[in-house]
Asks: 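The structure that follows is given in the form of structure tokens.
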Protein chains: 2
Amino acid sequence: MDDKLFLMIPGPTPIPERALLAMAKAPVGHRSSEFARIMAEVSDNLRWLHQTRSDVLILASSGTGALEAAIVNACSPGDRVLVGANGKFGERWVEVARAFGLKPEVISAPYGQPLPTDAFQAALAADTDKAIKAVIVTHSETSTGVLNDLGTIAGYIRAHGEAVSIVDAVTSLGAANVPVDEWGLDFVGSGSQKAYMIPPGLAFLAVSERGWQAVERSRSPRYYFDLRGYRKALKKNNTPFTTPVNLVYALQVTLQMLKAEGLEGLFARHTRLRDGTRAAIRALGLGLFAPDDTFASTAITAVIPPPDIPCDKLRATLKKNYDIVIAGGQGEMEGQIVRLGHLGFVSERDVLTAIAALEGALHTLGYDGFTPGSGVAAASAVLFG
Amino acid sequence: MDDKLFLMIPGPTPIPERALLAMAKAPVGHRSSEFARIMAEVSDNLRWLHQTRSDVLILASSGTGALEAAIVNACSPGDRVLVGANGKFGERWVEVARAFGLKPEVISAPYGQPLPTDAFQAALAADTDKAIKAVIVTHSETSTGVLNDLGTIAGYIRAHGEAVSIVDAVTSLGAANVPVDEWGLDFVGSGSQKAYMIPPGLAFLAVSERGWQAVERSRSPRYYFDLRGYRKALKKNNTPFTTPVNLVYALQVTLQMLKAEGLEGLFARHTRLRDGTRAAIRALGLGLFAPDDTFASTAITAVIPPPDIPCDKLRATLKKNYDIVIAGGQGEMEGQIVRLGHLGFVSERDVLTAIAALEGALHTLGYDGFTPGSGVAAASAVLFG
């Protein structure tokens, strides 16, 4: 049915109607006092969401831009950096580090498995010369559905004392607990089209006081992503280059919604959505690509379909018959998994609907390894107790 | 009156209602076939607007991001580049060049005066070793209202044979004739909140075949702005990182509107708006900061108020009494000039209204150096013939 598509991909995520309508307002000037008032409110609420008293910068870019900004502002050519890589995004940060002349040392894990925290501990403890300048960690690895143990790794980084932490929180910020100040995180990047519940086009970067010291030391070339300009502008509730005003209108609205739900409510909802989804996937006899519940993303669940059901057919059937869009695998995971996003403006009802549709699609495609209704029942038991 | 503000600043510019409403649509996935169809249409129309058969890339950034992308992709550290600077934006590109280790040689002119084309000719002719790798020219200098003679300078760059041209067309593309292929321009950057008639958040960069050869040669570090990824993605009607889907929805609509008006109509309208504005400013006895009509921007007119009328008071009066927002001077021009934007979704009626309001504001502030109605009459004679 036209205009009936419902996105359950890991971004863009569904947008509340009031945020869509907020965007459909004539922009004011990005240097006006009216806009500064909006930016002041938005900045306060971003600090609340990040659980930080430091700065949260707004960039006109995708989330990748925010991570590149962190990397070039924290490090200089030749710097040793540790990078965790257990999926496509972790690997991307290795590429960015190399592109800017850093020397990345990769701590990896197989796709679907969490990063080995002990390897970070060992590498940082062995670095008695304090040559490691940054540690880059992807919190929720969007390509596999793994939630890495950022809290533990952050402790090792703090113990090292020299290296700053650079965190890809693109699909965790707002969908999982990321207590920036408590964990002493230095650079935390995220993107608007995720748990922020607005369309793509804005990125966010929280920077700690220690982070700012690294920014001052960096010798990497930068201009558009030179964070010093963003900090200066932030003091005037502004950005150094033109702000995407209409996206900020939407953000103002959704941050108010998130605040009304509260951090506990927000994280509990995403945890419920994840747990309900995983219970259903298990009840249907399908595989969970991230098998360990402790390290399962609250933003996205990667599912291994039955052997006889191609991923693209499953996705096409869900789209054609139910107007539900789920994602496929990225890169080498294409054809191996499908990914069901449940972050942002997603309710228990949406997950239940998706599971019901998944049951129908599996049936249509000839899979009979489950009792009809068992996925819905399992999800329902978790979601609605 | 609430919600009555009308922007006559050089960006954001007014947005047609249908573009605002197009943004208020739930986003589809940026990797979906539905979105690829929209991107295909948008790309075709961008090529039409740029008068080119080459690629026009879409970036999630401000216009500054597009210019930085051009500079880092066209040049390598140590490269000699010529940069024209007769305003804040020209000076910005000198800063960007320095930030990335290039050796900029500045060809300047006083604010309000056009760049001396003969200086470009002489510098390029003297460079028999072909050491100059790029020439950076701001077409419409938004900070002063000067339209530099890009066509002539482009001819000298072509004659040089080695240097590529990098053009800041942020407020000229769509408001003035920029025949990219005919002038052999290699990198042409612009931004969505100008003549494109949509909110800020997208930037555009046209790249010629010669430009692409420079991109392949460049040794500058880059990732988010690595144009090779954008070119590869464009072939699939996509972008390498997440596209601001809703801004593209709006762009699809406004490009259709621009196409319906036609290039000739578009340029003629902007020329009329400029000429009408300038006639009125003269009739009111005020100063034109860019005095030479031949080199006056079709996007913005910088006005020198009467000596006794402070710029901020004039702007505040226009805003308070008439809900019309005009811009002040930037940097060292603050307090010296006001800038009246007339690009994008601006009609003859809007300019007439602005002049009528300006007359009223001047009267309120005690300026009596004009016959009431003379500005409106002068504008009207030009605008409506």
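Lettering follows sequence order; numbering is per chain, from 1.
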Asks: Any side-chain heavy atom of B:Ile9 within less than 4.5 Å of one from A:Arg31?
Replies: no
Asks: In terms of heavy-atom contacts, does CD of B:Glu334 have more than 12 from other residues, nucleotides or ligands at under 6.0 Å?
Replies: no
Asks: With a 4.5 angstrom heavy-atom cut-off, is it the side chain or the backbone of A:Arg98 that approaches chain B, or both, or neither?
Replies: neither
Asks: Do B:Thr64 and A:Tyr223 make a side-chain contact, defined as non-hydrogen atoms from C-beta onward lying under 4.5 Å apart?
Replies: yes
Asks: Quick one: pull up CD in B:Gln193 and OG1 in A:Thr243 and give me the separation to the nearest 0.5 Å.
Replies: 9.5 Å
Asks: If I take atom CG from residue B:Asp226 and atom CD from residue A:Glu95, how far apart are they, to the nearest 0.5 angstrom?
Replies: 10.5 Å
Asks: Are B:Phe241 and A:Glu68 close enough that some pair of their side-chain heavy atoms sits under 4.5 Å apart?
Replies: no
Asks: Which residue out of A:Val28, A:Leu21, A:Leu67 racks up the most heavy-atom pairs below 4.5 Å with chain B?
Replies: A:Val28
Asks: Should the heavy atoms of other residues, nucleotides or ligands under 6.0 Å from NZ of A:Lys103 be counted, would the total exceed 12?
Replies: no
Asks: Return the minimal non-hydrogen interatomic distance between A:Gly29 and B:Pro12, and the atom names on each side.
Replies: CA-CD, 4.0 Å
Asks: Report the option among B:Ile15, B:Thr13, B:Val72, B:Leu7 that has the most heavy-atom pairs separated by less than 4.5 Å from atoms of chain A.
Replies: B:Leu7
Asks: Does the plane of the ring in A:Tyr224 sit parallel, tilted or perpendicular to the ring in B:Phe225? Use 30° and 60° as the thresholds.
Replies: perpendicular
Asks: Side chain from CB out, backbone as N, CA, C, O: work out which of these in A:Lys319 comes under 4.5 Å of a heavy atom of chain B, or both, or neither.
Replies: side chain
Asks: Within a radius of less than 6.0 Å around CZ of B:Arg228, do more than 12 heavy atoms belonging to other residues, nucleotides or ligands occur?
Replies: yes
Asks: Considering only heavy atoms and a distance below 4.5 Å, find which of A:Ser62, A:Gly201, A:Pro77, A:Ser32 pairs most often with chain B.
Replies: A:Ser62
Asks: I'd like to verify something: which residue of B:Gly65, B:Ser220, B:Ala250, B:Ala19 has the highest number of heavy-atom pairs under 4.5 Å with chain A?
Replies: B:Gly65
Asks: Select, from A:Ala69, A:Gly101, A:Pro221, A:Gly63, the one with the greatest count of heavy-atom pairs under 4.5 Å involving chain B.
Replies: A:Pro221
Asks: Nearest 0.5 angstrom please: A:Asn246 CG to B:Leu20 CG, how far?
Replies: 6.5 Å
Asks: Is it the side chain or the backbone of A:Val325 that comes within 4.5 Å of chain B heavy atoms, both, or neither?
Replies: neither
